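To find a chain, count down the sequence lines: A is the first, B the second, and so on, and within it residues start at 1. It should be emphasised that the depicted structure is a prediction, and the values quoted were computed from it without experimental measurement.
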Amino acid sequence: MAYWLIKSEPDAYSFAQMQKDKKTGWTGVRNYQAANNLKAMQLSDVCFFYHSNEGKEIVGTVEVNRTYHPDPTDETGKFGMVEVKNPKAAKTPLTLAAIKDHATLKNMAFVKQSRLSVSPVSAAEAKTILKLCGLA
DNA sequence: GCCAACGTTGGC
DNA sequence: GCCAACGTTGGC
């Protein structure tokens, strides 16, 4: 079981929308590093859902429902997508400020590489986040 | 709205 | 294959 962090601007696709949809195709990734992370996802891996720009906090988790396959919205055919389901809202969203303040979390990949939209999360980081979010 | 970081593009 | 120019992302 691996953990990931996926980012979305709430204006583009929010967690509230995810909760309405129950599951969704994670399309639109156009960055090789992010796409490689999508490729590495296995069924039932857990992804933390982060709101960038507006909110700047982890608002919940989703679960991988379908592994990497071609993204029909990519006309070049270079990039793929996964499908995620089962949104679970954080009881307490975890803000970026809190993450940067936390000894374990401040070294997370997505903090260091702020532009990477899909990034790996270590087991220790995941455990900490789940606890802080009230999802443990 | 600004700006730093950084990925991508295209000329050579 | 290098590198400058450019575009985009995202925090502040």
Side-chain angles (χ1 to χ4, degrees):
Chain A
M1 159 84 75
Y3 295 90
W4 309 91
L5 183 138
I6 56 180
K7 293 201 287 199
S8 183
E9 295 189 33
D11 279 350
Y13 189 80
S14 68
F15 193 68
Q17 188 61 48
M18 175 77 211
Q19 287 177 299
K20 276 184 205 160
D21 294 345
K22 308 292 187 204
K23 69 178 179 183
T24 194
W26 204 259
T27 58
V29 170
R30 296 293 183 269
N31 169 285
Y32 288 107
Q33 210 180 336
N36 276 334
N37 289 328
L38 287 182
K39 259 181 219 174
M41 289 183 184
Q42 299 293 315
L43 272 188
S44 305
D45 278 0
V46 170
C47 303
F48 294 101
F49 198 114
Y50 176 79
H51 276 168
S52 63
N53 261 321
E54 203 181 310
K56 281 170 288 181
E57 57 191 9
I58 293 172
V59 288
T61 62
V62 292
E63 183 185 335
V64 177
N65 190 47
R66 189 177 165 197
T67 53
Y68 194 79
H69 56 286
D71 178 351
T73 70
D74 174 26
E75 290 174 4
T76 69
K78 291 177 185 170
F79 296 99
M81 58 179 280
V82 297
E83 188 178 270
V84 293
K85 67 168 180 182
N86 194 18
K88 290 184 188 169
K91 290 191 181 67
T92 315
L94 183 59
T95 65
L96 180 62
I99 289 168
K100 285 184 166 175
D101 261 353
H102 194 285
T104 303
L105 301 181
K106 67 182 179 190
N107 292 318
M108 286 180 70
F110 98 100
V111 174
K112 296 192 158 181
Q113 256 180 293
S114 66
R115 294 185 57 205
L116 186 58
S117 60
V118 182
S119 61
V121 176
S122 76
E125 289 161 356
K127 194 178 168 187
T128 304
I129 297 167
L130 287 170
K131 195 173 164 188
L132 292 173
C133 284
L135 287 170

Check: [X] side chain, [Y] main-chain N or O, donor-acceptor pair, under 3.5 Å:
X	Y	answer
A/Tyr68	A/Gly80	yes
A/Asp45	A/Ala2	yes
A/Asn37	A/Val118	yes

Interatomic distance, [X] [atom1] vs [N] [atom2] [rounded to whole Å]:
X	N	atom1	atom2	value
A/Leu116	C/dT8	CG	P	18 Å
A/His51	C/dT9	NE2	C1'	17 Å
A/Asn31	B/dA5	CG	P	18 Å
A/Lys7	C/dT9	NZ	P	11 Å
A/Lys112	C/dG10	NZ	C1'	19 Å
A/Arg115	B/dC6	CZ	C1'	5 Å
A/Leu5	C/dG10	CG	C1'	14 Å
A/Asn53	B/dA5	CG	P	18 Å

Whether [X] contacts [N] is assessed here as follows: a side-chain N or O lying under 4.0 Å from the phosphate OP1 or OP2. Is that the case?
X	N	value
A/Gln33	B/dC6	no
A/Lys100	C/dC12	yes
A/Tyr50	C/dG11	yes

So do A/Met41 and A/Ile6 actually touch side chain to side chain, heavy atoms under 4.5 Å?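 Heavy-atom side-chain distance check passes, below 4.5 Å.
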
